[in-house]
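Because the structure is predicted, anything quoted here is derived from the model rather than measured.
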Amino acid sequence: AMEKSYVTMFLLLIVISCALAKDAGKKDTKDTTAKPKLPQTLSRGWGDQLIWTQTYEEALFRAKHSQKPLMIIHHLEECPHSQALKKVFAEHKDIQKLAEKFILLNLVYETTDKNLAPDGQYVPRVLFIDPSLTVRADITGRYSNRLYAYEPSDISLLYSNMQKALKLLKTEL
């Protein structure tokens with residue numbers, strides 16, 4: 001009986017090491033085709049060099065205490081519009097630089113705060129919140145049916161809206 005359990009254990013070890021080897025192999029082939037990526041972080045690809053908060057509550061706390069505006073990006077991994085916006089956002093040098101002045105949060109789920117969905121729960125949508133914790137519903141994109149949506153071609157509008165969120169902040173405080 002003793003021998004049998006050894007055999008089972010040995011087989012189990014072989015299975016585990018094969019599974020691990022398979023994962024390692026898979027990762028290598030992906031990394032050589034793409035440029036080497038940092039480990040997946042809270043950025044979810046929206047800017048791996050930037051500091052992202054983990055939760056809405058943490059983001060609000062940080063915005064209030066740092067007196068920085070908060071930028072929230074709602075998106076979904078399997079949504080092609082979200083993916084397209086993420087790509088131009090992450091590759092836009094000026095946006096990535098300006099984003100350092102914000103508390104940042106990207107969410108793949110909805111919060112219970114209805115103020116974050118002033119005109120519905122669509123993705124991608126980008127909202128700004130100032131340090132007084134007021135949602136800046138006045139900072140909108142170009143679509144009247146989805147006020148906080150941005151397409152890749154609207155990236156310069158998103159950039160100027162980020163500037164607006166910072167500028168209004170200075171004049172109001």
Side-chain angles (χ1 to χ4, degrees), residues 23 26-27 29-63 66 68-131 133-169:
D23 281 352
K26 215 168 32 205
K27 203 158 69 221
T29 55
K30 201 161 74 187
D31 283 351
T32 47
T33 52
K35 55 181 185 289
K37 255 204 172 139
L38 293 170
Q40 175 71 311
T41 58
L42 292 172
S43 79
R44 295 190 182 89
W46 289 87
D48 293 334
Q49 317 303 329
L50 297 166
I51 298 163
W52 296 83
T53 48
Q54 190 154 12
T55 64
Y56 181 44
E57 293 68 30
E58 181 199 345
L60 291 175
F61 179 86
R62 287 223 211 151
S66 66
K68 284 178 168 184
L70 162 60
M71 176 158 89
I72 299 185
I73 304 169
H74 284 88
H75 65 109
L76 287 171
E77 296 294 348
E78 63 276 14
C79 160
H81 299 285
S82 296
Q83 291 288 2
L85 184 64
K86 178 196 296 194
K87 189 175 173 359
V88 295
F89 185 93
E91 289 171 1
H92 195 293
K93 301 256 189 302
D94 293 337
I95 278 187
Q96 291 289 309
K97 188 89 196 105
L98 196 60
E100 293 172 6
K101 297 185 160 71
F102 288 82
I103 302 299
L104 298 166
L105 177 65
N106 71 76
L107 291 174
V108 287
Y109 56 88
E110 293 291 337
T111 68
T112 51
D113 189 346
K114 295 285 170 278
N115 297 312
L116 291 186
D119 64 345
Q121 298 190 331
Y122 50 86
V123 293
R125 70 180 195 280
V126 182
L127 285 140
F128 297 95
I129 298 179
D130 70 27
L133 304 190
T134 309
V135 174
R136 296 298 306 268
D138 58 317
I139 301 182
T140 58
R142 68 172 88 244
Y143 308 102
S144 54
N145 59 335
R146 296 188 313 280
L147 291 174
Y148 309 99
Y150 296 85
E151 298 277 325
S153 57
D154 306 324
I155 198 72
S156 58
L157 175 61
L158 180 54
Y159 180 66
S160 64
N161 278 349
M162 288 168 72
Q163 290 174 311
K164 192 191 278 186
L166 287 163
K167 199 183 292 136
L168 289 168
L169 181 78

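Ion pair Glu77/Lys86 flagged as a salt bridge, since at least one NZ, NE, NH1 or NH2 atom sits closer than 4.0 Å to an Asp/Glu carboxylate oxygen.
Side-chain contact between Met71 and Met162: present, with at least one pair of heavy atoms (C-beta onward) separated by less than 4.5 Å. Lys164 places none of its side-chain heavy atoms less than 4.5 Å from the side chain of Arg136. Side-chain contact between Ile129 and Leu116 is present, with at least one heavy-atom pair separated by less than 4.5 Å.
Residues forming a side chain to side chain donor-acceptor pair (under 3.5 Å) with Arg142 (at least two apart in sequence, or on another chain): Asp154. Scored by the salt bridge (charged side-chain N to carboxylate O under 4.0 Å, His left out) test, Glu57 finds no partners at all (sequence neighbours excluded). Evaluation of the ring pair (Phe, Tyr, Trp, His ring centres under 6.0 Å) rule for Phe102 yields Phe128 as partners, not counting sequence neighbours. For Gln163, the side chain to side chain donor-acceptor pair (under 3.5 Å) test picks out no residue, with sequence neighbours left out.
Judged by distance alone, with hydrogens and angles left aside, the side-chain atoms of Thr134 form no donor-acceptor pair with the main-chain N or O of Asp130 at under 3.5 Å. Under the 3.5 Å distance criterion, the side-chain polar atoms of Gln96 are matched with a main-chain donor or acceptor of Phe89.
Sorted by first and then second residue, the ring pair (Phe, Tyr, Trp, His ring centres under 6.0 Å) pairs with a member in residues 135-160 read His92-Tyr159; sequence neighbours excluded. The salt bridge (Lys or Arg N to Asp or Glu O under 4.0 Å) pairs that include a residue from residues 104-118 are Glu110-Arg125, where partners are two or more places apart or lie in different chains.
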